[in-house]
Amino acid sequence: MTEGRSKYSIQVLERAARLMELLAQSTEPLSLKDLVAQSDLNISTCHRILNDLVLAQFVEHLPGGRYQLGLRLLELGHLVKNRLNIQELAYPQMQELHRKTGETINLSIRQGDDIVYIERCWSGQSGIHVVRPIGGRAPLHLTAVGKLFLADFDAVELLDYVQRTGIPASTAKSVNEVQRLKNELAAIHQQGFAIDNEELEEGVRCLAAAILNEQGRVVAGLSLSAPAARIQYAWSQDLKRAAKDISRELGCFV
């Protein structure tokens with residue numbers, strides 16, 4: 001991207017943000033004329049940006065030509081709020097799990113076809129630790145938390161994921177065949193937790209339990225990562241209890 005195009009893109013974003021701020025500050029929907037006057041934009045620029053915001057559902061165009069903020073912002077705000085709540089609610093549970101096991105505890109969410117690590121709890125006092133960087137990503141089918149999300153998919157969503165990604169392997173133990181993946185997901189439904197058996201990284205195993213929202217859908221995963229020789233599958237019960245407590249705090253009583 002050239003410098004001129006970059007500056008233009010930033011300028012458009014700044015103007016779009018300004019229009020949304022004006023709509024947020026108003027107790028009533030605003031007309032195009034109102035927005036032009038308050039934003040100091042010319043009418044064609046203002047109208048063009050508003051049309052783009054309407055298409056993206058960030059702004060709603062009402063009968064009579066007035067504008068107000070769209071419900072998409074409410075949806076996005078709810079997602080952000082949930083994620084902030086999850087981190088705040090999960091961290092004490094993560095600390096307790098780390099204290100009990102001595103292993104690295106991760107909190108992850110889904111973004112697209114990956115999971116993203118958003119919080120972790122670990123220390124350097126118990127020898128070798130497995131630490132995923134906050135902000136790091138990994139494919140859904142290669143991780144314990146990712147499998148929790150895949151287990152929450154319906155048949156069409158799962159097929160779409162498989163076709164879109166090709167479910168490539170990362171190690172010799174990776175699950176990269178459709179039927180094997182379906183078997184793994186069926187086991188998750190039965191046992192209530194997921195396992196990464198050196199599928200993302202050789203020598204590393206991971207256990208994970210799902211955090212659910214008020215609709216009973218998976219919104220995050222609590223996981224324990226450890227060297228393969230040190231993993232204890234009994235820890236899955238502690239993970240399940242912690243994840244269930246966090247889910248209840250989020251309003252899930254399934």
Side-chain angles (χ1 to χ4, degrees), residues 80-111 114-140 142-152 171 173 184 187-214 216-254:
V80 172
K81 180 175 179 289
N82 269 352
R83 288 174 184 176
L84 293 175
N85 282 348
I86 289 168
Q87 285 177 271
E88 181 180 348
L89 294 171
Y91 199 70
Q93 298 277 3
M94 295 171 69
Q95 287 180 309
E96 177 59 22
L97 285 167
H98 172 63
R99 184 198 64 76
K100 185 172 184 177
T101 65
E103 303 296 349
T104 301
I105 309 299
N106 305 295
L107 178 67
S108 309
I109 60 172
R110 176 191 170 207
Q111 285 191 350
D114 296 331
I115 64 159
V116 179
Y117 300 91
I118 62 172
E119 190 59 271
R120 67 169 180 256
C121 189
W122 72 291
S123 68
Q125 298 177 359
S126 303
I128 299 173
H129 284 257
V130 180
V131 179
R132 306 292 181 195
I134 293 176
R137 308 174 74 94
L140 297 177
L142 296 179
T143 62
V145 170
K147 291 177 190 176
L148 296 172
F149 282 99
L150 292 178
D152 200 40
T171 74
K173 293 187 177 181
E184 289 259 342
I188 291 169
H189 285 292
Q190 184 175 23
Q191 64 199 16
F193 67 95
I195 301 171
D196 160 12
N197 183 27
E198 302 182 67
E199 295 161 53
L200 179 64
E201 183 179 345
E202 290 184 1
V204 177
R205 289 178 179 162
C206 184
L207 307 173
I211 295 172
L212 311 178
N213 64 11
E214 63 271 22
R217 300 302 302 270
V218 180
V219 292
L222 198 61
S223 64
L224 180 152
S225 299
R230 211 160 64 200
I231 202 81
Q232 296 181 33
Y233 289 100
W235 289 335
S236 63
Q237 301 307 310
D238 298 311
L239 278 168
K240 286 168 63 176
R241 280 191 290 270
K244 187 172 184 178
D245 287 344
I246 298 166
S247 300
R248 284 176 174 168
E249 292 285 348
L250 291 174
C252 177
F253 295 93
V254 176

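What you see below is based on every heavy atom in this structure, not just the backbone, and it leaves out hydrogens, waters and symmetry mates.
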Could you tell me the separation between the [atom1] atom of [X] and the [atom2] atom of [Y], rounded to the nearest 0.5 Å?
| X | Y | atom1 | atom2 | result |
| --- | --- | --- | --- | --- |
| Q232 | T101 | CD | OG1 | 8.5 Å |
| L140 | R110 | CG | CZ | 6.0 Å |
| L107 | E119 | CG | CD | 7.0 Å |
| S236 | R241 | OG | CZ | 9.0 Å |

As a quick check of understanding, evaluate salt bridge (charged side-chain N to carboxylate O under 4.0 Å, His left out) for K100 and D238, giving each step before the final call. CA-CA 9 Å; K100 185 172 184 177; D238 298 311; 2.8 Å; yes

Measure the shortest side-chain to side-chain distance between [X] and [Y] over non-hydrogen atoms and say whether it is less than 4.5 angstrom.
| X | Y | answer |
| --- | --- | --- |
| L224 | L97 | no |
| E198 | V204 | no |
| L250 | L212 | no |
| C121 | Y91 | yes |
| Q93 | D245 | yes |

Polar side-chain atom of E96 near backbone of M94 as donor-acceptor pair, under 3.5 Å: no

Is the backbone N or O of Q191 less than 3.5 Å from a side-chain atom of K240, with the two atoms forming a donor-acceptor pair by type? yes

Any luck finding a side-chain donor-acceptor pair between N106 and R120 under 3.5 Å? no

Taking only residues two or more places apart in sequence, or in another chain, which ones meet E184 in a side-chain hydrogen bond (donor to acceptor under 3.5 Å, both in side chains)? K147

Is it true that, when you exclude Q237 itself, more than 12 heavy atoms of the residues, nucleotides or ligands shown sit nearer than 6.0 Å to its CD? yes

